[in-house]
Amino acid sequence: MNTEQLKIPQATAKRLPLYYRFLKNLHASGKQRVSSAELSEAVKVDSATIRRDFSYFGALGKKGYGYNVNYLLTFFRKTLDQDEVTKVALIGVGNLGTAFLNYNFIKNNNTKIECAFDVIEDKVGTKVGDVPVYHLDQLEDYMSDDISVAILTVPATVAQQITDRLVSCGIKGILNFTPARLNVPDEIRLHHIDLAVELQSLVYFLKNYPVE
């Protein structure tokens, strides 16, 4: 994503893929323009925030007209590097890892899981969702230079050890689905996704902040 040079807030950067997905759907349906109110209803982000997000990129729309769908789609495709495929490695072919391999971001043509690794012999040498599964001992052998992102779905006890190996392989970003708090060099982008914490947070908000 070419957002570092633009110096936009991280919260804005995280919303860009949401906008892009909705714009793709609009374009596919033949719609030629969209208002911030329509975008707001679709992506569940208030109109003022959408206008502020878009303002970081200059004049993307016109007052009273809204936004040109094709123009926005082209702009965000370039901004999000949608014309370049990001190759991903998955470590840990358990239930969650298997689900990722079968899904393999089929609605996102610029992201593809290229290979997977595990230590269970019955899985090694097979394919899951057309993705080859290698033994974890072969990690350094199959982590090519063009694989820039790794997804971790392994036991927390081995997460840091595997992370250190990934860093040595030249990985640029890690999506961590383990409860472990990982240590990585400053130049590595690390995103933690703890499903248990997210679920607890959801239940808390349901109980304390009911939707009216």
Side-chain angles (χ1 to χ4, degrees), residues 1-18 20-21 53 56 76 78-105 108-120 123-124 128-129 131-202:
M1 187 187 300
N2 296 324
T3 56
E4 292 295 331
Q5 64 215 38
L6 297 171
K7 301 299 182 183
I8 69 171
Q10 290 192 25
T12 294
K14 287 184 177 182
R15 285 190 287 268
L16 299 187
L18 290 176
Y20 180 72
R21 180 187 299 175
D53 286 347
Y56 290 110
F76 282 122
K78 182 178 180 181
T79 302
L80 293 166
D81 292 330
Q82 292 295 296
D83 294 325
E84 179 181 338
V85 175
T86 298
K87 295 182 179 180
V88 179
L90 181 134
I91 323 296
V93 190
N95 292 334
L96 182 57
T98 297
F100 273 125
L101 293 177
N102 284 319
Y103 172 61
N104 206 353
F105 309 102
N108 189 349
N109 295 327
N110 79 317
T111 306
K112 180 185 179 185
I113 300 177
E114 192 78 1
C115 56
F117 299 88
D118 207 288
V119 295
I120 298 177
K123 295 178 180 179
V124 173
V128 180
V131 178
V133 180
Y134 303 111
H135 197 283
L136 187 58
D137 290 344
Q138 300 173 292
L139 181 68
E140 287 77 7
D141 298 329
Y142 287 98
M143 283 293 293
S144 60
D145 292 338
D146 57 350
I147 297 177
S148 58
V149 175
I151 298 174
L152 273 187
T153 53
V154 298
T157 52
V158 297
Q160 184 63 58
Q161 172 191 341
I162 294 172
T163 295
D164 293 341
R165 292 174 64 187
L166 288 168
V167 170
S168 297
C169 289
I171 208 73
K172 299 293 189 297
I174 297 174
L175 192 59
N176 177 30
F177 279 88
T178 81
R181 299 294 95 176
L182 303 176
N183 296 313
V184 296
D186 291 340
E187 66 270 18
I188 306 297
R189 174 71 69 174
L190 175 65
H191 285 197
H192 293 282
I193 301 179
D194 191 322
L195 298 179
V197 169
E198 293 297 331
L199 182 58
Q200 288 176 332
S201 176
L202 174 61

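- More than 12 heavy atoms of other residues, nucleotides or ligands lie within 6.0 Å of CD in Glu140, so this atom counts as buried by the packing criterion.
- Leu152 has its side chain within reach of Leu166: a pair of non-hydrogen atoms, C-beta onward, lies under 4.5 Å apart.
- Looking only at side-chain heavy atoms (C-beta outward), Leu136 and Asp118 stay at 4.5 Å or farther from each other.
- Around the CG atom of Asp146, the shell of radius 6.0 Å holds more than 12 heavy atoms that belong to other residues, nucleotides or ligands.
- Within a 6.0 Å radius of CZ in Arg165, more than 12 heavy atoms belonging to other residues, nucleotides or ligands are found.
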ask   = side-chain contact (heavy atoms from CB on, under 4.5 Å) between Ile91 and Thr153: does it pass, once the steps are laid out?
value = CA-CA 6 Å; Ile91 323 296; Thr153 53; over 6 Å; no

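- In this structure, the side chains of Thr111 and Val88 come closer than 4.5 Å at one or more pairs of heavy atoms.
- The backbone N or O of Ala180 lies less than 3.5 Å from no partner atom in the side chain of Gln160, so there is not a single donor-acceptor pair.
- Residues Gln200 and Glu198 have side chains not in contact (no heavy-atom distance under 4.5 Å, counting atoms from C-beta outward).
- Side chains of Tyr56 and Pro9 form a contact here, defined as non-hydrogen atoms less than 4.5 Å apart.
- Judged by distance alone, the side chain of Thr163 and the main-chain N or O of Ala159 form a donor-acceptor pair under 3.5 Å.
- Not counting sequence neighbours, the partners of Leu190 by the side chain to side chain contact (heavy atoms under 4.5 Å, CB included) test are Ile174, Asn176, Leu182, Val184, His192.
- Within the 4.5 Å cutoff, the side chain of Asn104 has no heavy atoms near those of the Leu101 side chain.
- The minimum heavy-atom distance between Met143 and Ala89, with the atom names listed, is SD-CB, 3.5 Å.
- In this structure, the side chain of Gln161 does not engage the main chain of Val158 through any donor-acceptor pair within 3.5 Å.
- Side-chain atoms of Lys112 and Thr86, non-hydrogen and from C-beta on, never get closer than 4.5 Å to each other.
- In terms of heavy atoms, Asp53 sits closest to Arg15 at OD2-NE, 2.7 Å.
- At least one side-chain heavy atom of Ile147 sits under 4.5 Å from a side-chain heavy atom of Cys115.
- Taking the six-membered ring for Trp and thresholds of 30 and 60 degrees, Tyr134 and Phe117 have ring planes inclined between 30 and 60 degrees apart.
- Every residue two or more places apart in sequence or in another chain that forms a side chain to side chain contact (heavy atoms under 4.5 Å, CB included) with Ile193 is listed here: Leu175, Phe177, Leu195.
- Counting non-hydrogen atoms of other residues, nucleotides and ligands closer than 6.0 Å to CG of Asp141 gives a total above 12.
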inquiry  = Is there a side-chain contact (heavy atoms from CB on, under 4.5 Å) between Val131 and Glu114? Walk through the geometry before answering.
reply    = CA-CA 6 Å; Val131 178; Glu114 192 78 1; over 6 Å; no

